There are 2 protein chains.
Amino acid sequence: MGKLERHATIADVAALAGVSVGTASKALNGRGSLREETRMRVREAARQLSFEANAGARSLHSGRTYTVGMITTDTIGRFSIPVLIGAEDALGAGEMSVFLCDGRDDPIREQYYVRTLLSRRVDGIIVTGRRTEARAPIAADLPVPVVYAFISSADPGDCSVVPDEAGGARKAVEHLLAVGRTRIAHVTGPEHHNSARVRAAAARERLAEDGLEPAAPPLFGGWSEAWGRQAVGILLAGRAEFDAVFCGSDQIARGVCDALRAAGRRVPQDVALVGFDNWDVMTEGCQPPLTSVDMNLEGLGRAAAEMLLAAINGTPSPGWHALPCHLVVRESSAVPPTIKTSNEL
Amino acid sequence: MGKLERHATIADVAALAGVSVGTASKALNGRGSLREETRMRVREAARQLSFEANAGARSLHSGRTYTVGMITTDTIGRFSIPVLIGAEDALGAGEMSVFLCDGRDDPIREQYYVRTLLSRRVDGIIVTGRRTEARAPIAADLPVPVVYAFISSADPGDCSVVPDEAGGARKAVEHLLAVGRTRIAHVTGPEHHNSARVRAAAARERLAEDGLEPAAPPLFGGWSEAWGRQAVGILLAGRAEFDAVFCGSDQIARGVCDALRAAGRRVPQDVALVGFDNWDVMTEGCQPPLTSVDMNLEGLGRAAAEMLLAAINGTPSPGWHALPCHLVVRESSAVPPTIKTSNEL
DNA sequence: AGCTTTCCGGCAACCGTTTTCCTTATTTTC
DNA sequence: GAAAATAAGGAAAACGGTTGCCGGAAAGCT
């Protein structure tokens, strides 16, 4: 209840243990040569006063703060979170604490945060968030290493850790081909969004490798369920036949799924469906559960953190690092032979 | 490109400006009495060296670090995020930085974080996250103030900022009554979850105030869409008639909505639907868009941060603070008179 | 001219820790 | 038994800033 008055200092500990501050410091840090009895006495005093060394004062000496800043450029969103969690986890294991800064997509705010982080002497900075394109470097000539996670820096000399979205899209298409689909449509987000373009291009390319054409030109729109539903209308209105839809996001896929059902097309029997993001809320809410591409954002955050730690320790890894995506197969694209057979009747 | 070698110190600035460090400090902080010319000279030197005062060293003197720790007890989840954003925003306005700590629902991890935060001399701590019940205080006798946000502390002497879920549930029911529904069912999360119980009790109570009984006993299950769908089966199998369903979460509501449509019941004409959380992904994805109770988590985070700041400045607000929820009406519960009339035919 | 003010800016203490010497005892060695 | 080696712990100087106090110079007053 009654909050403790103030933090105990090492001087308090030293006094209680009847030694000098220097000795107390050595005792607590296992330095110098002290009698075991003395060491214990100091430790006991520290325990009694619930002493915790002032990290600020300590870093004054060591030059390292064991903190890193994490700036999300867009508002902390669904994509930043897993990255953040992964990074925090990896950093925490290295005893480093994370300053969270929500940039809100506001350059002023961002610059302000960079300045505060520098004044707090963070050992490094991770920049994350979603953007339509690679972003401009957060600042030039920073005295600390910076790693971009999920988002990527326009400067190729910077270290960016990103998912291999093209690879993910290829896996999605490959899977659809493997379950026997050949007339594959693609519904995705806005064309001005790099992810949408990359995924669409990779999908088309993978089809081409098998000598196939898309069932329809890729449909660019928004990332929402509403767009997914709308897109189905467009697909059905067109004269092209399709037996699968690869969607640029799980939300789109879900919209597609709902609209297909409403139109009397069965998933997966008539149309197989693959989403992107592997967002549990969507993959599980969808009926049937949705096959999806997982970008492993948490792993990405972890990788970014590890690269940052390495950079802090003097071995930076400049450049663009693409981490593999993997496909999680669920019922929306599973085609049990029996049904396939009944289809062929 | 080439990262700057090291941070400039105030001694560098002083040397460049040709004054003593003390004078430089005063010049930069607007203290002491200096000639305007001197002040400018120092400021210019600081600019040239892109000097940023070392916050750690500074706080050594002031005793304040202008940082707070934020511990999420469960893994950073959908509910922690808005709270976090709100708090970060309010704190940032007060020039405070936030240490993010992901407790993962692991007491060991949590205690570890408390210790690191204390060693970093945070000015205060915010604890947030989702839990089935009020949680045990994070630690006894901390030397810094603590505020619990969203989650609440079992110790009534602690400061907890929580949404008024009962009030929210009452508003939902009131709205359904206002649009002429009288046979209202309730589908919600697991009974061992305090939120589920509170909302269910408040809903029943509000009905009783109008002399009404629930259309069916409250259905406790999970928080998922799947449970919502399942619950509709149970409701339809029962002999009770119902013209509205108030759901304990938007996900449940969406499941209910889908299942109702599949069963041939129209929303909102036959059954009006109200959810809880006002989660855009669900309210917008749902067809029709879902009416829902908004807990204003971002505001809650902001309020928590403000209370923490107040506590840091010496005026704590112990106890349990319930913030009002509000209802966001959308089509799932809108009943245009024409349709109502056609129902009555 | 001599005294008091006012104005600037330097000096040094202090914040909490770590670390490098150094000084004492206490042993060991010849 | 004296010299040397070793062990144990203290004193003090950093680390980077802030701030109270003080001194010197210039200006104002009789």
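Within every chain, numbering begins at 1; the chains are lettered A, B, ... in the order of the sequence lines, protein sequences first and strands thereafter. Owing to the predicted nature of the structure, the values given are computational and were not obtained by experimental measurement.
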Thinking salt bridges, do Glu88(A) and Arg109(B) make one under a 4.0 Å N-O criterion?
yes
Taking only side-chain nitrogens and oxygens of Ser25(A), does any of them come within less than 4.0 Å of OP1 or OP2 of dT18(C)?
yes
Measure from the side-chain heavy atoms of Val19(B) and tell me the nearest of dG10(C), dG16(C), dT17(C).
dG10(C)
To the nearest angstrom, how far is Arg58(B) atom CZ from dC14(C) atom C1'?
16 Å
Look at the side-chain N and O atoms of Thr23(B) and state whether any lies under 4.0 Å from the OP1 or OP2 oxygen of dC8(C).
no
Less than 4.0 angstrom between a side-chain N/O of Arg35(B) and OP1 or OP2 of dC8(C), yes or no?
no
Could you tell me whether the phosphate oxygens of dT18(C), OP1 or OP2, come under 4.0 Å of any side-chain nitrogen or oxygen in Asn29(A)?
yes
Please compare Gly18(B) and Lys26(A) by the position of their nearest nucleotide in DNA chain C and report the one closer to 5'.
Gly18(B)
Determine, for Asp158(B) against Arg135(B), whether the closest basic-nitrogen to carboxylate-oxygen distance falls under 4.0 angstrom.
no
Nearest-angstrom distance from the residue atom CG of Leu60(B) to P of dT19(D)
13 Å
Under 4.0 Å between a side-chain N/O of Asn54(A) and OP1 or OP2 of dC15(C), yes or no?
no
Nearest whole angstrom, please: distance from the C1' of dG16(D) to the NE2 of His61(B).
11 Å
Sidechain N-carboxylate O distance under 4.0 Å for Glu44(A), Arg47(A):
yes
Quick check on dT6(C): is either OP1 or OP2 less than 4.0 Å from any side-chain nitrogen or oxygen of Ser33(B)?
no
Quick one about Arg120(B) and Ser97(A) (side-chain donor to acceptor, distance below 3.5 Å, no hydrogens or angles considered), yes or no?
yes
Taking atom C1' of dC15(C) as reference, at what distance in whole Å does atom CZ of Arg121(B) sit?
12 Å
Result for 5'-nearest mapping on DNA chain D, choosing between Ala57(B) and Ser20(A), is Ser20(A)
Whole-Å distance between dG16(D) C1' and Leu28(B) CG?
13 Å
Any base atoms under 4.0 Å from Ser62(A), or only sugar-phosphate, or nothing? Heavy atoms, all strands.
nothing
For Ile10(A) and dA14(D), what is the distance between atoms CD1 and P respectively, to the nearest whole Å?
20 Å
From the list dT19(C), dG9(C), dG17(D), which nucleotide is the closest neighbour of the side chain of Ala53(B)?
dG17(D)
Output the rounded distance in Å from NE2 (His7(A)) to P (dC15(C)).
16 Å
Base, sugar-phosphate or nothing for Thr9(A)? Non-hydrogen atoms, less than 4.0 Å.
sugar-phosphate
Length of the CE-P vector between Met40(A) and dA8(D), whole Å:
16 Å
Is it true that, when you exclude Tyr66(A) itself, more than 12 heavy atoms of the residues, nucleotides or ligands shown sit nearer than 6.0 Å to its OH?
no
